[in-house]
Amino acid sequence: MQYWLMKSEPDVYSIDDLRKDKTDHWEGIRNYQARNFIRDEMARGDLAFFYHSSCDEPGITGIMKIHKTAYPDFTAFDPEQKYYDPKSDPDNPRWFMVDVRYVRKLKRNISLKELKLHEPLNDMRLLQRGNRLSIMPVTETEWNYILELE
DNA sequence: GCCAACGTTGGC
DNA sequence: GCCAACGTTGGC
């Protein structure tokens, strides 16, 4: 069982959207490192933080569960879609996605600013300078520490 | 809206 | 295989 952090811009898709939908596919990953995590390492039942990025208060807002393991990201095949990628061939897909299931919102938003204040979290991938990965692993220690802040 | 940091592309 | 140019991410 592994832990993850997954970023989404709340204007595009927020924790409240997922709460409404209960389960949804996580589309649009177009970065190889993130894809490899999705395709090779995510297992059903893994837990993930839902992180809001590019917004007033970037931070962790909720928890979700990996509901279905990786399958081809079909939005890459459709020229009408924002995430269309002509280089992803249905017979040899380049991009993948998982289905996630809503678990719960945190009692409060734990902001990026706050996370930075905690020395035990200094090594978090999220906090490394220049980090742009939208999907990254979180250690069990970090996971539990963050939930203690709630 | 700015811009630093990073990933990707493509010419050579 | 190098690296400059370009596009994107995402905090501020």
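Predicted model, so just to flag it, every value in this text is computed and none were measured. Letters A, B, ... are given to chains in the order of the sequence lines, protein chains preceding strands, and every chain is numbered from 1. Basis for what follows: all heavy atoms, side chains included, without hydrogens, waters or symmetry-related copies.
Using a cut-off of 4.0 Å between Lys/Arg side-chain N and Asp/Glu carboxylate O, A/Asp16 and A/Lys105 are scored as salt-bridged. Salt-bridge check for A/Asp40 with A/Arg35: failed, with every basic side-chain N at 4.0 Å or more from each acidic carboxylate O. Contact check on A/Glu150 versus A/Arg104 returns a salt bridge, with a Lys/Arg side-chain nitrogen under 4.0 Å from an Asp/Glu carboxylate oxygen.
When heavy atoms are screened at a 4.0 angstrom cut-off, A/Ser53 is found touching the sugar-phosphate backbone but no base atom.
Between A/Phe37 and A/Trp4, the ring center distance clears the sub-6.0 Å criterion.
A/Arg30 contributes no side-chain N or O that forms a donor-acceptor pair with the base of C/dT8 under 3.5 Å.
You'll find that the side chain of A/Arg129 is closest to B/dA5, out of B/dT8, C/dG11, B/dA5. For A/Arg132, the listed nucleotide lying nearest its side chain is B/dC6; candidates were C/dG10, B/dC6, B/dT8. Here the nucleotide nearest the side chain of A/Lys87, chosen from C/dG11, B/dT9, C/dG7, is B/dT9.
In this structure, A/Leu127 atom CG and C/dG11 atom P are separated by 11 Å, rounded to whole Å. Between A/Ile60 atom CD1 and C/dG10 atom P there is a gap of 14 Å when expressed in whole angstrom units. Atom CD1 of A/Ile135 and atom P of C/dG10 are 11 Å apart (whole Å). The CD atom of A/Glu9 sits 8 Å away from the P atom of C/dT9 (whole-angstrom rounding). Protein atom CG of A/Leu133 is 13 Å distant from nucleotide atom C1' of C/dT8, rounded to whole Å. Rounded to a whole Å, the CG atom of A/Asn109 is 12 Å from the P atom of C/dG11. B/dG7 atom P lies 7 Å from atom CD of A/Gln33, rounded to whole Å. Put simply, CG on A/Asp85 is 14 Å from C1' on C/dT8, counting in whole angstrom units.
For the OP1/OP2 pair of C/dT8 and a distance below 4.0 Å, the side-chain nitrogens and oxygens of A/Lys82 include no atom meeting the criterion. Taking side-chain N and O atoms only, A/Tyr51 has no distance below 4.0 Å to OP1 or OP2 of C/dT9. In terms of phosphate contacts, A/Lys7 brings no side-chain nitrogen or oxygen within less than 4.0 Å of OP1 or OP2 of C/dT9.
Tested against A/Trp95 for a ring-ring contact (aromatic ring centres under 6.0 Å, His included), the candidates A/Tyr71, A/Phe74, A/Tyr32, A/Tyr84 yield a single pass: A/Tyr32.
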